[in-house]
K.L.:
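Input: one structure, supplied below.
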Amino acid sequence: MIGKWILSAWFFAGVTPGLAQAVAHATQTARLFTVTEGRQANRFKLPQVQLADAVAAERINHRIVALVLDGATNSKLSVRQQLRQAERACCYDGENGLGWNTVGQGLTGCDYSVLLNQQGLLSLEYSQEFTGAYSWEQALHVTFDLRTGNQLALADLVADLPAQLTRRMHGAISRRFGETLDGMRDEADSTDIATVAECFSWDWAAKRVRFQTDLGPTEESRASEPDLESFALTSHEVRLYYERMLPHVMLNYEPDNAYHFPYARVQPRGLLAPVAAKDAAAKKTKVK
């Protein structure tokens, strides 16, 4: 048994040195804890990490604070103090004498969830709550290399060409938006359907979304291109995100903004390769 393991390890390292190197370094997970501040109505929650490498941990923690607070950071203050400052900026009205008796303005809360924490990768979803003329929430995503603390780009993790992924996203987005418009026929009037179709930059003749890079008259309404850096990882898939904001009164028609790409449908590389291999092995075991 030991001889077989040594032979397998030798073969693995010799044939796929890049993957072997990733496996050798990708045993790390982060220890996460939550920093909470604010009243129940305006609760701010931020993740922070602890790693054996304190420099890498500090790099991740600083980046998280900057992302969630939209760059309004002060390295001289603790994370809790910065959250307290953010709450006071949004929700304390000293000018009009209202004190904390206000619904707030701007960023009024934040939270997070961990999507992946294994093999040297940490992928987070963080949500921000905003209040203005009305309240809304948005979810954003970030992925880190736990060895270095650096934020990763999609190209660091999958070998698929950006042009190929963009084409696949074009098709997936058009199918989903088309299904949304079809579903509106039984419950919405023609005016609402036309409004949503316009927001989608929908081409009724071609039955697809018209994107900025599509050929055609420049005066036509065009949808923004998918942002391939808007992504997240789980233990079994890459998620890409695309959102077209609808008018507030039509938000119930807004389609799901997450597009799922199982690891078998992309080309994982770098730190993602061991994660994908582990997922494939687990699926093979289930089949047996």
Side-chain angles (χ1 to χ4, degrees), residues 32 45 47 64 67-68 70 109-119 121-130 135-144 151-184 196-197 199-202 207-213 223-248 250-269 271-272 275-276 278-280 282-283:
L32 285 101
K45 294 182 180 179
I64 289 172
L67 286 169
V68 176
D70 290 328
C110 58
D111 206 342
Y112 75 97
S113 59
V114 179
L115 300 180
L116 182 72
N117 181 19
Q118 61 171 271
Q119 307 289 98
L121 287 170
L122 175 65
S123 195
L124 301 171
E125 176 177 282
Y126 61 96
S127 60
Q128 299 167 304
E129 298 172 18
F130 296 92
S135 298
W136 75 98
E137 185 176 320
Q138 69 176 6
L140 300 172
H141 305 84
V142 63
T143 298
F144 294 104
Q151 183 176 343
L152 293 170
L154 185 61
D156 297 322
L157 299 163
V158 299
D160 304 67
L161 295 175
Q164 294 174 336
L165 289 173
T166 298
R167 282 196 296 271
R168 292 171 69 180
M169 282 292 285
H170 281 184
I173 293 165
S174 289
R175 285 191 295 274
R176 185 167 296 177
F177 285 13
E179 291 167 359
T180 298
L181 291 169
D182 286 343
M184 291 179 67
V196 172
C199 290
F200 287 171
S201 298
W202 185 255
K207 297 188 181 301
R208 62 186 292 272
V209 174
R210 286 291 179 190
F211 292 94
Q212 290 175 349
T213 55
S224 59
E225 291 294 327
D227 178 7
L228 298 183
E229 294 314 313
S230 181
F231 77 94
L233 307 174
T234 73
S235 59
H236 59 278
E237 66 183 13
V238 177
R239 294 179 186 171
L240 298 178
Y241 297 89
Y242 185 83
E243 193 164 22
R244 293 289 286 178
M245 292 295 292
L246 295 178
H248 185 65
M250 295 183 177
L251 287 180
N252 57 314
Y253 296 124
E254 200 164 275
D256 181 11
N257 69 342
Y259 294 82
H260 305 265
F261 292 82
Y263 291 134
R265 293 181 55 204
V266 294
Q267 302 174 59
R269 67 179 175 190
L271 285 174
L272 189 58
V275 178
K278 182 178 179 181
D279 176 56
K283 288 177 179 176

K.L.:
With no hydrogens and no angle check, is any side-chain donor or acceptor of Gln128 less than 3.5 Å from a backbone partner on Val68?
P.N.:
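Here the side-chain-to-backbone pair exists.
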K.L.:
Classify the ring geometry of Trp136 against Phe130: parallel below 30°, tilted from 30° to 60°, perpendicular beyond 60°.
P.N.:
parallel
K.L.:
Under a 4.5 Å cut-off applied to non-hydrogen side-chain atoms, are Ser123 and Phe231 in contact?
P.N.:
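A side-chain contact under 4.5 Å is absent here.
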K.L.:
Is there a side-chain contact between Ile173 and Pro226, using heavy atoms and a 4.5 Å cut-off?
P.N.:
yes
K.L.:
How would you list, by chain and number, every residue that makes a side chain to side chain donor-acceptor pair (under 3.5 Å) with Glu225, sequence neighbours excluded?
P.N.:
His170, Thr213
K.L.:
Should Tyr253 and Phe200 count as side-chain neighbours, where that means a heavy-atom distance under 4.5 Å?
P.N.:
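A side-chain contact is absent here, since even the closest heavy-atom pair is not under 4.5 Å.
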K.L.:
Between Phe211 and Thr166, is any pair of side-chain heavy atoms under 4.5 Å apart?
P.N.:
no
K.L.:
Once rounded to the nearest 0.5 Å, what's the spacing between atom CD of Glu125 and atom CG of Leu115?
P.N.:
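Spacing of CD (Glu125) from CG (Leu115) equals 5.5 Å.
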K.L.:
For Thr234 versus Tyr263, what's the shortest heavy-atom pair and its separation?
P.N.:
O-OH, 2.5 Å
K.L.:
Check whether any side-chain heavy atom of Val114 sits under 4.5 Å from a side-chain heavy atom of Leu122, and report yes or no.
P.N.:
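Yes, at least one pair of side-chain atoms sits under 4.5 Å.
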K.L.:
Run Arg210 and Trp202 through side chain to side chain contact (heavy atoms under 4.5 Å, CB included) and show every step you take.
P.N.:
CA-CA 6 Å; Arg210 286 291 179 190; Trp202 185 255; over 6 Å; no
K.L.:
Counting C-beta onward and ignoring hydrogens, is there a side-chain heavy-atom pair between His236 and Pro262 closer than 4.5 Å?
P.N.:
no
K.L.:
I need the Arg239 CZ to Ser230 OG distance, nearest 0.5 Å.
P.N.:
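So the CZ of Arg239 and the OG of Ser230 are separated by 12.5 Å.
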K.L.:
So which pairs with a foot in residues 156-170 pass salt bridge (Lys or Arg N to Asp or Glu O under 4.0 Å), sequence neighbours left out?
P.N.:
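Residue pairs with at least one partner in residues 156-170: Asp160-Arg168.
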K.L.:
Let me confirm one number: the CG-CD distance from Asp256 to Glu243, rounded to the nearest 0.5 Å.
P.N.:
9.5 Å
K.L.:
Between Phe261 and Glu237, is a side chain to side chain contact (heavy atoms under 4.5 Å, CB included) present by the stated rule, with each step listed?
P.N.:
CA-CA 5 Å; Phe261 292 82; Glu237 66 183 13; 5.8 Å; no
K.L.:
Please round to the nearest 0.5 Å and tell me the distance separating atom CG of Leu233 and atom CD of Gln118.
P.N.:
10.0 Å
K.L.:
What is the minimum heavy-atom distance between His248 and Ser135, and which atoms define it?
P.N.:
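Closest pair (atom of His248, atom of Ser135, distance): CE1-O, 4.0 Å.
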K.L.:
What distance separates Arg269 CZ from Leu157 CG, expressed to the nearest 0.5 Å?
P.N.:
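Answer rounded to 0.5 Å: 8.5 Å.
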K.L.:
Is the Lys NZ or Arg CZ of Arg176 less than 6.0 Å from the centre of Tyr259's six-membered ring, within 45° of the axis?
P.N.:
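Checked: cation-pi criterion met.
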K.L.:
Does Leu140 reach the side chain of Leu67, with side-chain heavy atoms less than 4.5 Å apart?
P.N.:
no
K.L.:
Spell out, as yes or no, whether a donor-acceptor pair under 3.5 Å connects the side chain of Tyr242 to the backbone of Ser224.
P.N.:
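Pair found, side chain donor or acceptor close to backbone of Ser224.
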K.L.:
If you apply the rule side chain to side chain contact (heavy atoms under 4.5 Å, CB included), what do you find for Leu272 with Leu152, and how did you get there?
P.N.:
CA-CA 11 Å; Leu272 189 58; Leu152 293 170; over 6 Å; no
K.L.:
Roughly how far, to the nearest 0.5 Å, is CD of Gln138 from CG of Asn257?
P.N.:
10.5 Å
K.L.:
Measure the shortest side-chain to side-chain distance between Cys199 and Arg244 over non-hydrogen atoms and say whether it is less than 4.5 angstrom.
P.N.:
no
K.L.:
Can you check side chain to side chain contact (heavy atoms under 4.5 Å, CB included) on Tyr126 and Ile64, steps first, answer last?
P.N.:
CA-CA 9 Å; Tyr126 61 96; Ile64 289 172; over 6 Å; no
K.L.:
Counting only N and O atoms by type, is there a donor-acceptor contact under 3.5 Å from the side chain of Ser174 to the main-chain atoms of Val209?
P.N.:
yes
